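Only one structure is covered here, and it is reproduced in the block below.
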Amino acid sequence: MKVSKLVGEWYDSEKRNLPWRKTSNPYKIWISEVILQQTRVQQGVDFYYRFIDTFPDVNNLAISSLDNVLKLWQGLGYYARARNLHRAAKKIIDVHNGIFPSEYSDIKNLPGIGIYTAAAIASIAFGKPYAAVDGNVARVLSRLFGIEERPDTITGKKKYQDIANDTLDKRNPGRHNQAMIELGALVCLPRNPLCQLCPLQNQCYAKKNNYIPLLPPKKPRTETTDRYFYYVVFYYTSHIYLQQRSNRDIWELLYEFPLIESNQEISKEELLKIIIDEFKLRSTILNVLKISKRYKHQLTHQTIYARFIKIKLYKKLDAKKFKLVPFAEINSYAVPRLIDKYIHDEPLLLPS
DNA sequence: AACGCGTGGTT
DNA sequence: TAACCAAGCGT
């Protein structure tokens with residue numbers, strides 16, 4: 001029997017009941033697909049509800065400030081997704097008269113939408129015959145047909161895409177794509193797949209040849225670098241200082257406390273000297289209240305070791321890149337998870 | 001075209 | 001515990 005028929009029937013009986021599967025609204029499909037880029041379904045569901053609740057349609061998203069979109073995205077990671085969502089919403093208003101485009105090429109040309117997401121939206125929301133190849137689908141295809149090429153290379157991408165195109169059920173591409181993805185997510189797992197539950201178990205190359213642990217081939221891990229962050233939590237009356245992170249680094253446009261960064265640990269004595277120098281202070285106008293424990297924050301390509309130095313100031317900071325924020329308002333700023341954890345550990349209250 | 005971008009669950 | 005991994009994209 002044909003692959004698409006087997007997987008499609010398996011999907012109809014075994015698919016999860018997920019919120020974005022109750023709609024064919026392209027805006028909602030789009031939001032769900034972007035949330036799910038490199039993100040687990042379980043983590044994405046709550047964000048999806050919050051997002052649709054806050055921005056029910058593309059116009060609501062487009063007229064929002066970027067800061068508000070980033071705030072909603074806080075905790076989900078890969079913040080370029082939020083920036084691109086906002087840009088794309090504006091483009092849909094400006095270029096497509098507020099109507100989500102139905103042509104594949106128009107969808108693909110929106111910021112943050114690559115070939116996978118364009119195919120997913122075109123097929124799921126508009127029923128167009130484009131095969132969506134994500135990590136799940138590549139894994140299923142690799143094992144099913146014994147493809148030994150890495151799916152993350154240029155030639156590999158083309159190969160998987162070609163095979164996916166051949167396998168696509170053109171009468172119902174939306175169902176087919178979701179079925180392939182769902183099979184990879186629930187049955188054809190990266191490790192210890194549940195082959196006895198698989199509708200393709202009788203025709204799977206990897207199962208027949210015991211190649212499952214080898215397919216698909218993975219790319220070697222790149223090394224991670226260590227960074228040492230010393231956040232200075234300046235208290236001035238009932239305010240603290242924040243600054244916005246700039247381009248070409250992690251957490252772009254998110255807010256954080258004034259930062260001293262180093263490529264190695266700094267002793268407490270040396271740190272205080274650096275702070276006084278860096279922020280143009282005198283030791284008479286500050287009072288070091290506490291230095292936090294060391295936080296270890298693991299990212300894909302770097303390990304951040306962070307400490308938070310709580311300092312009471314008796315004089316304002318000069319530089320205008322630092323923003324004086326009342327305690328009560330810090331929750332309206334989008335901050336990295338690391339900052340959020342610290343605030344949770346040590347609430348911003350001035351000791352009496 | 002290889003690399004950087006977050007976070008949290010799983011093993 | 002640390003490594004691995006997740007509905008990718010932009011540069």
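In this text the structure is predicted, and so the values were computed from the model without any measurement. Naming: A, B, ... by sequence-line order, numbering from 1 per chain.
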Rounded to whole Å, please give me the gap between [atom1] in [X] and [atom2] in [N].
{"X": "Q38(A)", "N": "dA6(C)", "atom1": "CD", "atom2": "C1'", "result": "6 Å"}
{"X": "I154(A)", "N": "dT11(C)", "atom1": "CD1", "atom2": "P", "result": "16 Å"}
{"X": "L110(A)", "N": "dC9(C)", "atom1": "CG", "atom2": "C1'", "result": "13 Å"}
{"X": "Q298(A)", "N": "dT10(B)", "atom1": "CD", "atom2": "P", "result": "18 Å"}
{"X": "Y78(A)", "N": "dC5(B)", "atom1": "OH", "atom2": "C1'", "result": "5 Å"}
{"X": "Q161(A)", "N": "dC9(C)", "atom1": "CD", "atom2": "P", "result": "11 Å"}
{"X": "D249(A)", "N": "dG6(B)", "atom1": "CG", "atom2": "C1'", "result": "13 Å"}
{"X": "N247(A)", "N": "dT11(C)", "atom1": "CG", "atom2": "C1'", "result": "13 Å"}

Looking at every strand, decide which applies to [X] at a 4.0 Å heavy-atom threshold: base, sugar-phosphate, or nothing.
{"X": "A132(A)", "answer": "nothing"}
{"X": "L299(A)", "answer": "base"}
{"X": "R21(A)", "answer": "base"}
{"X": "K218(A)", "answer": "sugar-phosphate"}
{"X": "G75(A)", "answer": "sugar-phosphate"}
{"X": "R139(A)", "answer": "sugar-phosphate"}
{"X": "Q302(A)", "answer": "sugar-phosphate"}
{"X": "K108(A)", "answer": "nothing"}
{"X": "R40(A)", "answer": "base"}
{"X": "I35(A)", "answer": "nothing"}
{"X": "W20(A)", "answer": "base"}

#### Entry: K158(A) to Y160(A) six-membered ring, cation-pi geometry met (6.0 Å, 45°)
no
Taking atom types as modelled, find out whether [X] and [Y] have a side-chain donor-acceptor pair closer than 3.5 angstrom.
{"X": "D67(A)", "Y": "Y255(A)", "answer": "yes"}
{"X": "Y231(A)", "Y": "E256(A)", "answer": "yes"}
{"X": "N109(A)", "Y": "D106(A)", "answer": "no"}

### Task
Apply side-chain contact (heavy atoms from CB on, under 4.5 Å) to L66(A) and R83(A), showing your working.
CA-CA 7 Å; L66(A) 176 55; R83(A) 302 195 302 271; 4.3 Å; yes
### Task
For W251(A) and for D152(A), find the nucleotide of DNA chain B with the closest heavy atom, then tell me which residue's nucleotide is more 5'.
D152(A)
### Task
Name the residue closer to the 5' end of DNA chain B, choosing between R191(A) and V335(A) according to the nucleotide with the nearest heavy atom.
V335(A)
### Message
Taking only side-chain N and O atoms of H297(A), does any of them lie within less than 4.0 angstrom of OP1 or OP2 on dT7(B)?
### Response
yes
#### Entry: Phosphate OP1/OP2 of dT7(B): any Y79(A) side-chain N/O under 4.0 Å
yes
### Query
Does any donor-acceptor pair link the side chain of T39(A) with the base of dG6(B) at a separation under 3.5 Å?
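Yes, a donor-acceptor pair under 3.5 Å.
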### Query
Do T117(A) and dG8(C) have a side chain to base donor-acceptor pair shorter than 3.5 Å?
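Between dG8(C) and T117(A), which were checked side chain against base, a qualifying N/O pair under 3.5 Å is absent.
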### Query
Where each residue is assigned the nucleotide of DNA chain C containing its nearest heavy atom, which of I115(A) and P190(A) is assigned the position nearer the 5′ end?
P190(A)
### Message
Need to verify one output field. Residue with the more 5' nearest nucleotide on DNA chain C, K219(A) or R248(A)?
### Response
K219(A)
### Query
Any idea how Y228(A) and Y305(A) line up, ring-wise: parallel (<30°), tilted (30 to 60°), or perpendicular (>60°)?
parallel
### Query
Looking at dA2(C), dG8(C), dT7(B), which one has an atom nearest to any side-chain atom of K296(A)?
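Between dA2(C), dG8(C), dT7(B), the one nearest the side chain of K296(A) would be dA2(C).
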### Message
Given dG8(B), dA6(C), dC9(C), identify the nucleotide with an atom nearest to the side chain of Y116(A).
### Response
dC9(C)
### Query
Counting heavy atoms not belonging to K280(A), are there more than 12 under 6.0 Å from its NZ?
no
### Query
Taking atom P in both dC5(B) and dA7(C), what distance in whole Å separates the two?
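Per the computed distance, 22 Å lies between those P atoms.
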